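The structure appears right after this line, and notes come after that.
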Amino acid sequence: MPGLCVIGLQWGDEAKGKLVDWLAEGRDLIVRYQGGANAGHTVVVGEEVYKLHLIPSGIVNPGIMNLITAGVVIHPGTLLGEIDSLLERGVDIADRLQLSGRAHCVMPWHIVEDKIWNQVNSGDENIGTTLRGIGPCYRDKVGRSFAVRVSDLIQGGLEKQIHRITEYKIQSLAPFCENGEVDLDASQIFAEYRQYAERLRPFIADTTRLLLDAVDQDKSILFEGAQGSLLDVDFGTYPFVTSSNSSGVGVSSGTGVPGQWIGKTIGVAKSYSTRVGGGPFPTELHNDTGEHIRIKGNEFGTTTGRPRRCGWFDAVAVRYTSRLSGTDSICLTMLDVLSELKEIQVCVAYELDGQRIDYFPNNVDDLQRLTPVYETLPGWQTDITSARKLDDLPPNARSYAGRLSELCECPIEFISVGPDREQTIVLNPDESLLDSLVS
Ligand code: IMP
């Protein structure tokens, strides 16, 4: 059975966790394949709110196997903290979580490096990372000489490896630390990671083989993307991106499953735009409307608590990422957040050096310079949080969603009107939003 993917189409935080949780029912495996504890997924089930960073959102669905594959960078302490908190809340993890031995470990020096580079690159050049050591860990993975893989945790030689790398890191980081003192102690790090290793041992497996076998056995697989396509290290707003392939192109490289086994991709897009950290954001609002969206949408980072930058929906950007990720349909989230607005703007094109363009520029200088071209749509000013089917939505809300679908050249399959599982409208394939467009 071809796999299903859920990919964020903006700069992350599109509320993917809720859709993954919804789609997880009846699946055999849920797979997290890139990023690390920089991600934050919130899953609400009734009264229970689960905040996850590394473990796939499917863990709250009993009976499903959850995999963290080779493309992920894992901070073992964070992962164990999540495991413990799920166990405390009665979520059965036993035999339902497997961790790739090929995945890389975020080590204490990665966190030190992340902090240092964030301080060194200040002002407009600051990426504003989540400080979870993600970039430094991926850099060491590609560099190879100073990397620690999950499988290294349980093989002989870890102590020597940690001492060797710590020595090098202390030497190279000393010039950037106060009084040349780098807060890293190899013996302490080894003691800490040895403990992690013992606790993680039962979860470590060859997830590549497991997945390829699952494909052969026609199992139903859901791939859960983290972050969003505009943060993709190759195709996003580089260098203001994360360090992994967070668009649809990352599924194969992060899992080892050939692209031919990916049958359907659902792109998740918020009804407006947000971004955390630095970098270009053409439709950003620096006014009361932006503040209104931030408060109504509770737009504060799950991982860092930072206020998110808010702005109008950018249809040029989402059309680009939707094509890039090969999305078959879109899940439009947080539509209820816009309910009080009289008018809503959508970016339909950009103006760059006096020319109107309808594509997403591939370099950050152009992205910083362009101005958005907006279309204004009427708001609906009605509470829509209890809508459960398309007909429950006011005509202007349907028109808004329909226009986004038209501009992004992709059908909408789901509309989310609140955080709860039930607050989801599923569109039938024959239900065209475009019919409801106000001309
Ligand atoms: P890093 O992934 O911590 O290196 O951060 C790089 C950039 O990606 C920063 O702008 C972060 O704010 C952003 N970022 C990383 N993870 C997420 C996420 O899960 N949601 C939204 N932004 C993220």
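For reference, positions follow the sequence shown, starting with 1. From a predicted model like this one, the values you see are computed outputs, not experimental measurements. Counting convention: from 1, in listed order, for ligands and their atoms alike. All values below come from the heavy atoms of this structure, side chains included, with hydrogens, waters and symmetry mates left out.
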Judged by non-hydrogen atoms, does Arg132 sit under 4.0 Å from ligand 1? no
Tyr272 versus Gly311, closest heavy-atom pair with distance: CB-O, 3.3 Å
Out of Arg309, Lys16, Gln227, Arg308, whose heavy atom sits nearest atom 16 (N) of ligand 1? Gln227
Give the intermediate values and the outcome of side chain to side chain contact (heavy atoms under 4.5 Å, CB included) for residues Arg132 and His75. CA-CA 8 Å; Arg132 296 295 188 270; His75 185 266; over 6 Å; no
Option whose closest heavy atom lies nearest to atom 5 (O) of ligand 1, chosen from Thr129, Leu131, Thr237: Thr129
Within the 4.5 Å heavy-atom criterion, are Val233 and Thr242 side-chain neighbours or not? no
Candidate with minimal heavy-atom separation from atom 6 (C) of ligand 1, of Val233, Val241, Thr130: Val241
Measuring centre to centre across the rings, with the benzene-like ring taken for any Trp, is Tyr320 within less than 6.0 Å of Tyr359? no
Taking only Lys NZ, Arg NE, NH1 and NH2, and the carboxylate oxygens of Asp or Glu, determine whether Glu351 and Arg369 approach each other closer than 4.0 Å. no
I want to know whether Trp11 and Phe281 have ring centres closer than 6.0 Å. yes
What is the nearest protein non-hydrogen atom to atom 10 (O) of ligand 1, stated with its residue, atom name and distance? Val276 O, 3.0 Å
Mark up the atoms of ligand 1 that fall under 4.0 Å of a heavy atom belonging to Gly277, in ascending order. 10 (O)
Does Arg89 count as lying over the ring of Tyr50, i.e. NZ or CZ under 6.0 Å from the six-ring centre, within 45 degrees of the axis? yes
Measuring from the heavy atoms of Arg306, does anything fall under 4.0 Å of ligand 1? yes
Answer yes if the ring centres of Phe176 and Trp117 are under 6.0 angstrom apart, and no otherwise. yes
Mind checking whether Trp11 contacts ligand 1 via backbone (N, CA, C, O), side chain (CB onward), both or neither, at a 4.0 Å heavy-atom cut-off? backbone
Yes or no: does Gly128 have any heavy atom under 4.0 Å from an atom of ligand 1? yes
For atom 2 (O) of ligand 1, find the nearest protein heavy atom and state the residue, atom name and distance (0.1 Å precision). Thr242 OG1, 2.6 Å
Nearest neighbour in protein (non-hydrogen) for atom 21 (C) of ligand 1: Asp13 OD2, 3.1 Å
Side chain, backbone, both or neither: which applies to Leu231 and ligand 1 if a contact is any heavy-atom pair less than 4.0 Å apart? side chain
